[in-house]
Amino acid sequence: MSRVFPPRSREYFRIAVFVLASVGVIAIAAIAYYATPAYTRVGYAPRQPINFSHKLHVGGLGMDCRHCHTHVGESPHANVPSMQTCLNCHGTRLGNVAGGSAALRHLREAEETGRPVEWARVHKVPDYAYFNHAVHVKRGVSCVSCHGRIDEMEVVRHEEPLSMSWCLECHRNPAPHVRPADKVYDLAWQGSSEEIGRQLIEQAGIKPPEDCSGCHR
């Protein structure tokens with residue numbers, strides 16, 4: 001009696017099951033990673049070594065963004081504040097504000113050892129894209145447009161996608177995001193409008209690039 005299936009059919013079946021199972025595992029792992037905030041970034045709010053509250057420091061105490069992010073308006077990159085910036089207020093040899101707080105344990109350790117605090121990065125533009133922070137700030141684009149209401153955040157989160165389509169949407173119609181220079185760091189300012197933006201764009205001759213070379217160099 002002839003065989004219905006070839007002699008090696010069982011082996012082929014095992015291989016097929018293994019391949020299908022592997023593909024399934026890889027697909028599930030890929031979806032689990034690429035669909036999370038850690039990859040899409042929107043909503044991403046990593047735990048930091050020190051629970052620094054922007055709501056308290058900026059919203060409550062009224063601290064200017066430039067007090068900590070000192071190069072935000074002059075450099076292509078917005079700098080993370082150095083340990084010394086924190087120690088100017090909280091250091092044991094200087095201000096010693098809330099010096100005994102358990103929340104500042106890591107800062108005290110950093111002061112004693114000289115090792116910087118290892119902050120977890122929240123915002124990141126892909127390496128293949130060029131973004132000049134100072135250029136946008138000097139044109140009247142506020143921190144709010146890209147980072148949201150930081151002054152209301154206990155924990156900083158990734159508010160906008162910062163994707164190519166999102167950037168192009170602003171470059172094609174920047175008016176809603178352009179405000180007077182003296183209001184760039186006023187995160188609570190509500191006077192922005194397309195009409196004001198168009199006037200400022202015309203006065204400053206702002207022409208955001210829409211070609212590839214504007215961001216990919």
Side-chain angles (χ1 to χ4, degrees), residues 37-46 48 52 54-55 57-59 62-86 116 119-153 156-217:
Y39 183 80
T40 59
R41 311 298 288 185
V42 176
Y44 180 53
Q48 300 290 355
F52 181 87
H54 280 76
K55 184 176 182 179
H57 290 78
V58 182
M63 291 178 62
D64 191 285
C65 306
R66 292 163 290 185
H67 180 81
C68 297
H69 303 286
T70 51
H71 306 312
V72 72
E74 304 297 332
S75 170
H77 308 286
N79 62 299
V80 174
S82 66
M83 182 179 66
Q84 186 58 51
T85 301
C86 303
W119 300 102
R121 185 166 189 167
V122 180
H123 300 87
K124 179 176 173 58
V125 176
D127 293 336
Y128 52 78
Y130 174 78
F131 176 84
N132 189 309
H133 208 279
V135 166
H136 289 76
V137 170
K138 288 181 177 180
R139 296 298 188 278
V141 178
S142 174
C143 316
V144 175
S145 291
C146 298
H147 301 298
R149 288 296 302 274
I150 292 285
D151 58 319
E152 296 178 347
M153 298 182 188
V156 174
R157 64 182 177 272
H158 202 290
E159 191 76 5
E160 301 290 350
L162 307 185
S163 62
M164 183 173 73
S165 60
W166 182 84
C167 293
L168 277 173
E169 186 176 322
C170 181
H171 276 219
R172 289 166 178 161
N173 182 30
H177 303 284
V178 177
R179 58 174 66 183
D182 62 338
K183 300 299 181 182
V184 168
Y185 301 103
D186 183 355
L187 307 187
W189 188 64
Q190 298 294 324
S192 182
S193 69
E194 286 203 36
E195 183 179 355
I196 293 175
R198 282 194 293 270
Q199 292 175 359
L200 294 170
I201 288 171
E202 185 176 353
Q203 291 171 8
I206 298 173
K207 296 180 180 179
E210 297 180 28
D211 57 284
C212 302
S213 62
C215 299
H216 304 289
R217 304 180 180 181

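A45 and R157 get closest at one heavy-atom pair: CB-CB, 3.8 Å. In this structure, E194 and P176 approach most closely via the heavy-atom pair CG-CG, 3.6 Å. Closest heavy-atom contact between C143 and L187: CB-CD2, 3.8 Å. The two residues R172 and P174 have their closest heavy-atom pair at C-CD, 3.7 Å. In plain terms, the two heavy atoms of V80 and H69 that are nearest each other are CA-ND1, 4.5 Å. The shortest heavy-atom contact between G73 and Y185 is CA-OH, 3.7 Å.
In this structure D186 satisfies the side chain to side chain donor-acceptor pair (under 3.5 Å) test with no other residue, sequence neighbours excluded. Under the rule for a side chain to side chain donor-acceptor pair (under 3.5 Å), the partners of D211 that lie at least two apart in sequence or sit in another chain are S213. Checked against ring pair (Phe, Tyr, Trp, His ring centres under 6.0 Å), H177 has no partners two or more places apart in sequence or in another chain. Residues passing the side-chain contact (heavy atoms from CB on, under 4.5 Å) test with T70, sequence neighbours excluded: N79.
Rounding to the nearest 0.5 Å places CZ of R66 at 14.0 Å from NE2 of H71. Taken from CD in E159 to OH in Y44, the straight-line distance is 15.5 Å, to the nearest 0.5 Å. With values rounded to the nearest 0.5 angstrom, H136 atom NE2 is found 10.5 Å from I206 atom CD1. Interatomic distance, C215 SG to H171 NE2, rounded to the nearest 0.5 Å: 5.5 Å. A distance of 9.0 Å separates NE2 in H54 from CE in M63, rounded to the nearest 0.5 Å. If you take CD on E169 and OG on S163, they are separated by 8.5 Å, rounding to the nearest 0.5 Å.
Counting heavy atoms from C-beta outward, R198 and E195 have side chains that approach closer than 4.5 Å.
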Show, in sequence, the C-alpha distance, side-chain angles and deciding distance for Q48 and V122, and conclude whether the side chain to side chain contact (heavy atoms under 4.5 Å, CB included) test is met. CA-CA 10 Å; Q48 300 290 355; V122 180; 3.7 Å; yes
Hey, mind stepping through M164 and H216 against side chain to side chain contact (heavy atoms under 4.5 Å, CB included) and telling me if it holds? CA-CA 11 Å; M164 183 173 73; H216 304 289; 4.0 Å; yes
List the atom pairs, with distances to 0.1 Å, where a side-chain N or O of residues 128-135 and a protein N or O form a donor-acceptor pair under 3.5 Å, not counting sequence neighbours.
unit_1	atom_1	unit_2	atom_2	d
Y130	OH	N132	ND2	3.2
N132	OD1	A134	N	3.1
N132	OD1	V135	N	3.0
H133	ND1	V72	O	3.2

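A salt bridge links D127 with K124: the closest approach of a Lys/Arg side-chain nitrogen to an acidic carboxylate oxygen falls below 4.0 angstrom.
Ring geometry, H57 versus F52: the interplanar angle falls under 30°, so the pair is classed parallel (tilted spans 30 to 60°).
A donor-acceptor pair under 3.5 Å is formed between the side chain of R121 and the backbone N or O of H123.
Each salt bridge (charged side-chain N to carboxylate O under 4.0 Å, His left out) pair with one or both residues in residues 143-152, not counting sequence neighbours, appears once here: R149-D151, R149-E152.
Open room surrounds NZ on K207; 12 or fewer heavy atoms of other groups in view lie less than 6.0 Å from it. For E210, the CD atom is densely surrounded, since the number of other residues' heavy atoms within 6.0 Å is greater than 12.
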